[in-house]
Amino acid sequence: IRLTMRSQFVALAILALVALASASNNRLLGLLWKTLDTDGDNKVSKADIGRFTQTFHGAAASDRMLSEAIKLLDVNKNGIVELSEFMARFEPMLRRKIAAAGDPVQAVPEQVHISVTTLSTEMQVMWVTRVNTDSVVQIGTTSGQYSQSVSGTSWTYSAGVDGWVGWIHSVRLTGLTANTRYYYRVGSPSAVWGQEYSFKTPPAPGSGQSNTFAVFGDMGTFMPLGWRVSEFMTLDNQVTPFDCIVHVGDIAYGGTGSTWEFEWIWDLFFWQIEPLAARVPYMAGVGNHEHYYDYASFQARFRMPSDQSGGNTNLWFSHDYGLVHWVYTSTEHNFTQGSPQWMWVQQDLEKAVANRKNVPWIILTGHRPFLNSDSDEYSDHDPNGKFLKAWEPLLLQYKVDMVLNGHMHMYERTFPTAHGVVDKQSVINLNLIRNPAAPVYMTQGTAGAMIRETMIEPKPAWSAIREQLYGYGRMTVFNSTHMFYEYRSFQTQGTHDSMWLIQESH
């Protein structure tokens, strides 16, 4: 997205503020505050947040959403956010500082997150330290008792405004037992150990066990409400635990809408999600806001299972989790028929169909929507758009059950649709779909980025429901035939839409 002259001016002002903050107060929260406080008056108003979202996304947020962002932080109800209110709200969540040179806390593990591989007996563990240390995970099946120490690798990268200082650590745990809870800590025997977390390995193939997934796109940190959706998900997870999290691109929003990116925003994002991502496998697909410096941050900070699934780094890959085969595509790279990505997806779906006795459900993801009624970029995602032109033949041939997208900052659920025509026979009612002959298309771009969408009117016949509230999707796969999808919003403190998808002939 091309920056306007006003946006360019604000972005240049941000660069100056970042340089000042780096020299005088080397804290991530201080950097975020100075970036939000666009007019430098040590207060954050709706106008400040509006300029912030315009600069970092190239698009405006609605007044209603800006008011919501202020309201959640404005403890004294004076219509603005003061520094004390901001710090009181975010310091407990983010809690750590970038250490000064030589400070031992540089070796403290932070930004811990895990991800699955293609095997239910493995788990990938990643974290960051500010200096290079050993990369070790201690693990066991009893809290505080670690029967194994597993070593891995570390690397660093340099990108963004002022670069990045830190080391990324990665350890692949192998030889685990499926469907088993493990307790672990990360760090270095010669330096510092992090806090203990636990995770549960995926169920064994063919076990038929039900699973719950959290799914969404377009989160960010203060963009303006990614942090609040993350907290809402954390609370939901305590009541109805997730087995796996699927983030379909537009992750940290570290960029300015043009060519610059701030790596410390990626740090903030991983601090934000650590309460979830250190306990629940966090799978990440690529979106347009990861493109900076040839996707350097996204590629460095995640390790998705492309090596095992024959994909391409973190750009396209697949894995099973319980009863679902997940396919992650890139809408940012060539996906036309016959391209390397398209050919890989065809081969992957061929294998998935052959394994449908054990893993009956197939869900394909990509960041930009394949079928959606947002007026922006509509020619790309209408029934004759470029995404369905490339993918619909495969989706129908291999009977893909659902397509999950983001990008448009809205929620939209379609009826089962093929070639722009609703499979009416499968639509029992608005919330019950039975034995569809085509996929349901879900856009769940509601996880925190600014919302100000315009829909085409009248609503297309294939669009079941569309909404603009912050939240995420919770999907429970009960067995080989029954799936339940819920649109959960913190603004309504509950389920805003739901759908039963029944498929008795995969």
Side-chain angles (χ1 to χ4, degrees), residues 116-120 202 205-206 211 213 215 244 246 248-249 283-286 304-371 381 383 385-406 414 416-419 423 426 433 435-443 475 477 480-481 483 485 501-506:
V116 298
T117 73
T118 60
L119 300 176
S120 59
N211 293 114
F213 302 88
V215 299
C244 187
V246 175
V248 294
M283 310 305 293
V286 66
M304 296 294 109
S306 59
D307 57 338
Q308 295 171 310
S309 60
N312 180 4
T313 60
N314 294 334
L315 302 179
W316 53 86
F317 57 92
S318 69
H319 65 86
D320 296 336
Y321 197 107
L323 294 164
V324 181
H325 181 69
W326 291 90
V327 185
Y328 300 75
T329 68
S330 173
T331 57
E332 310 312 300
H333 297 81
N334 187 4
F335 54 82
T336 56
Q337 186 171 355
S339 66
Q341 180 179 190
W342 191 94
M343 295 295 292
W344 173 81
V345 169
Q346 182 184 41
Q347 294 165 9
D348 187 82
L349 290 175
E350 190 82 37
K351 296 174 186 176
V353 167
N355 191 40
R356 226 158 188 170
K357 180 180 179 181
N358 294 317
V359 185
W361 297 91
I362 300 176
I363 300 177
L364 187 139
T365 78
H367 177 62
R368 299 174 192 258
F370 292 6
L371 185 62
H381 53 247
K386 63 182 182 180
F387 293 108
L388 286 182
K389 181 180 179 181
W391 293 123
E392 191 170 43
L394 296 183
L395 300 175
L396 297 176
Q397 178 182 351
Y398 296 106
K399 298 183 179 180
V400 171
D401 298 290
M402 180 182 291
V403 175
L404 176 65
N405 305 120
T414 76
T417 302
H419 310 299
D423 176 17
S426 68
I433 308 299
N435 295 330
V440 171
Y441 294 87
M442 307 290 297
T443 300
M475 184 177 71
V477 180
S480 63
T481 58
M483 173 197 297
Y485 192 102
L501 179 58
I502 301 172
Q503 182 55 270
E504 296 160 313
S505 57
H506 288 284

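Residues: numbered from 1 along the sequence shown.
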Q: Among V286, V246, D348, find the one that has a side chain to side chain contact (heavy atoms under 4.5 Å, CB included) with Y328.
A: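 Exactly one option meets the side chain to side chain contact (heavy atoms under 4.5 Å, CB included) with Y328, and it is V246.
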How many angstroms lie between atom [atom1] of [X] and atom [atom2] of [Y], to the nearest 0.5 angstrom?
X: L395; Y: L388; atom1: CG; atom2: CG; answer: 7.5 Å
X: Q337; Y: Q346; atom1: CD; atom2: CD; answer: 8.0 Å
X: N334; Y: W342; atom1: CG; atom2: CH2; answer: 12.0 Å
X: Q341; Y: L315; atom1: CD; atom2: CG; answer: 8.0 Å
X: L364; Y: W326; atom1: CG; atom2: CH2; answer: 10.5 Å
X: S330; Y: R368; atom1: OG; atom2: CZ; answer: 9.0 Å

When you compare the side chain of [Y] with that of [X], does any pair of heavy atoms fall below 4.5 Å?
X: M442; Y: M475; answer: no
X: D401; Y: V324; answer: no
X: V345; Y: W391; answer: yes
X: E392; Y: P439; answer: no
X: N355; Y: D320; answer: yes
X: Q503; Y: S505; answer: yes
X: Y441; Y: H381; answer: no
X: H325; Y: R356; answer: no

Q: Give the C-alpha distance, both sets of side-chain angles, the deciding distance and a yes or no for side-chain contact (heavy atoms from CB on, under 4.5 Å) between Y485 and I433.
A: CA-CA 11 Å; Y485 192 102; I433 308 299; over 6 Å; no
Q.
Please evaluate residues F387 and V403 with respect to the criterion side-chain contact (heavy atoms from CB on, under 4.5 Å), reporting the C-alpha separation (whole Å), side-chain torsions for both, the decisive distance (0.1 Å), and the verdict.
A. CA-CA 11 Å; F387 293 108; V403 175; over 6 Å; no
Atom of [X], atom of [Y] and distance for their closest heavy-atom approach:
X: T365; Y: T329; answer: O-OG1, 2.7 Å
X: N211; Y: G322; answer: OD1-CA, 3.4 Å
X: I362; Y: L349; answer: CG2-CD2, 3.8 Å
X: V116; Y: M283; answer: N-SD, 3.4 Å
X: S309; Y: S318; answer: OG-N, 3.2 Å

**Q.** Candidate pair F317 and T118, rule side-chain contact (heavy atoms from CB on, under 4.5 Å), full reasoning
**A.** CA-CA 10 Å; F317 57 92; T118 60; over 6 Å; no
**Q.** Backbone of F370 reached by a side-chain donor or acceptor of N405 within 3.5 Å
**A.**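 Yes: the side chain of N405 pairs with the backbone of F370.
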Q: Apply the test side-chain contact (heavy atoms from CB on, under 4.5 Å) to residues N312 and W344: give CA-CA distance (whole Å), side-chain angles for both, the deciding distance (0.1 Å), then the verdict.
A: CA-CA 9 Å; N312 180 4; W344 173 81; over 6 Å; no
Q: Name the orientation class of the two ring planes belonging to H333 and W316 (parallel below 30°, tilted from 30 to 60°, perpendicular beyond 60°).
A: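 Perpendicular: the ring planes of H333 and W316 meet at over 60°.
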